[in-house]
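Computed from heavy atoms alone, side chains included, the values below leave out hydrogens, waters and symmetry copies. Just so we're on the same page: letters track the sequence lines, and every chain starts at 1.
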2 protein chains.
Amino acid sequence: MKRARRRVLPTQEQLRVWRNYVETAEAVRLRLAGRLQHETSLSSGDYVVLLALSEAEQHTLRSSALASQIEWERSRLSHHLGRMEKRGLLRRVSCADDVHGIDVVMTDAGAETFHAATVPHLRAVREMFVDALTDDQLAHIDEATNALRRHLALGPHD
Amino acid sequence: MKRARRRVLPTQEQLRVWRNYVETAEAVRLRLAGRLQHETSLSSGDYVVLLALSEAEQHTLRSSALASQIEWERSRLSHHLGRMEKRGLLRRVSCADDVHGIDVVMTDAGAETFHAATVPHLRAVREMFVDALTDDQLAHIDEATNALRRHLALGPHD
DNA sequence: CCTCCCGAGTTGACACGTCAACCGTAGCAC
DNA sequence: GTGCTACGGTTGACGTGTCAACTCGGGAGG
């Protein structure tokens, strides 16, 4: 009876670790995003989109291919592309070979902005994350993270 | 020279661990929030606010006290309280003893909704987080998380 | 041919967050 | 009194995210 009940809900300690985990990860993410925003005027969403485009042939991707590559819903992507297009970071052109389907093309301005952002972004990752942890801690985080992914059936990372 | 450059940017492997970490934490947070939303019609923001109120005298807190307790900006809190008030989860009444200052009072409906949400919420934490990890992994996550907090000067958790 | 559905993408409504500007009252200087 | 500033809170604009409804052009099936 006691044994059965004990497994239903987390203990105080487990709950504390959980909150520590989510809140810290969120804080780190926010801080990195804020820094990227101020140093390069790109949001992390912008960065993800431009990263994918920068690695594509002709700096061009089909909207649906882009969506699946960065794992965004198409509606989210559509909204975000609209905002980025308004800022001149990319263009949307309907592509010839498929009547449906839109090619997303990074503009030169977009490429330039992205290029100027990579080093600050990577430096921030090192300063805020890598520098905080020993090699062992990094390995442990990775192991636990993978356990979480497996448990939630998220599919392996990358 | 090489040595100097190597410390500036993270390695591929460190970058992979970083992305794995943030993306997974984000996915877990989102999944828990979605589950809470669907099972109890409360967002995680609602839950945090109601949790604080439920632990307060008279189910009442000064707006500023609430803000500092859950570490939200006052503007954010004001917007959120407006939405929650519209749904009848709480009321805002200007309190007598301080001319400035607003008392936030959880309504009975709010208390009921919150109470009905606690068990599903805790169960979800167990199923999605605690169950995924061994005791060792949990301890390692906690240790690394605390290292992150110290490094970012976030102040100890709780 | 007509209808019905499907797939790619868009749109609108809304929740949520941040930033900066604002409002009203209280104290305080003079 | 008149003016200043500080405090507590609100508001508006805007970026961001989700959901559901919509468009639009093809194909089947009949």
When you get a sec, tell me which of C:dT18, C:dA8, D:dG17 is the closest nucleotide to the side chain of A:Arg62? C:dA8

Can a salt bridge be assigned to the pair A:Arg29 and A:Glu26 using a cut-off of 4.0 Å between side-chain N and carboxylate O? yes

Can you tell me whether the side chain of A:Arg74 and the base of C:dG9 have a donor-acceptor pair closer than 3.5 Å? yes

salt_bridge(A:Glu85, A:Arg92) N-O dist < 4.0 Å: yes

Under 4.0 Å between a side-chain nitrogen and a carboxylate oxygen: does that hold for B:Arg149 and A:Glu23? no

Rounded to whole Å, CD1 of A:Ile102 lies from P of D:dT23 at a distance of 17 Å

Rounded to whole angstrom units, what separation is found between the CZ atom of B:Arg83 and the P atom of D:dT10? 13 Å

Figure out the CZ/P separation between B:Arg29 and D:dT16, and round it to whole Å. 16 Å

When you measure only distances, ignoring hydrogens and angles, does the side chain of A:His79 come within 3.5 Å of the base of C:dG9 through a donor and an acceptor? no

Can you classify the ring geometry of A:Tyr21 versus B:Tyr21 as parallel (below 30°), tilted (30 to 60°) or perpendicular (above 60°)? perpendicular

Nearest heavy atom decides the nucleotide; on that basis, is A:His38 or B:Gln37 closer to the 5' end of DNA chain C? B:Gln37

Rounding to a whole Å, what distance do you find between A:Arg76:CZ and D:dT16:C1'? 8 Å

Has the side chain of B:Ser43 got a donor or acceptor that lies under 3.5 Å from a partner of the other kind on the base of C:dC16? no

When rounded to whole Å, the CD to P distance for the pair A:Glu85 and C:dT10 reads 9 Å

Let me know the distance between CE of B:Met84 and P of C:dA15, rounded to the nearest Å. 13 Å

For the pair made of NZ in B:Lys86 and C1' in C:dC16, what is the distance, rounded to whole Å? 12 Å

Nearest-neighbour nucleotide for the A:Ser75 side chain, D:dG17, D:dA20, D:dC7 considered: D:dA20

Checking all strands, does B:Ser78 fall into the base, sugar-phosphate, or nothing category for heavy-atom contacts under 4.0 angstrom? base

When you check the side-chain N and O atoms of B:His80 and B:Asp46, is any donor under 3.5 Å from an acceptor? yes

Sorted by position of nearest nucleotide on DNA chain D, 5' first, the leading residue of A:Ser44 and A:Glu73 is A:Ser44

Closest approach to the side chain of B:His100, judged atom by atom: which nucleotide of C:dA26, D:dT18, D:dG9 is it? C:dA26

Rounded interatomic separation in angstrom, taking CG from A:Leu77 and P from C:dA8: 13 Å

At 4.0 Å (heavy atoms only), tell me whether A:Arg92 reaches a base, stays on the sugar-phosphate, or touches nothing. sugar-phosphate

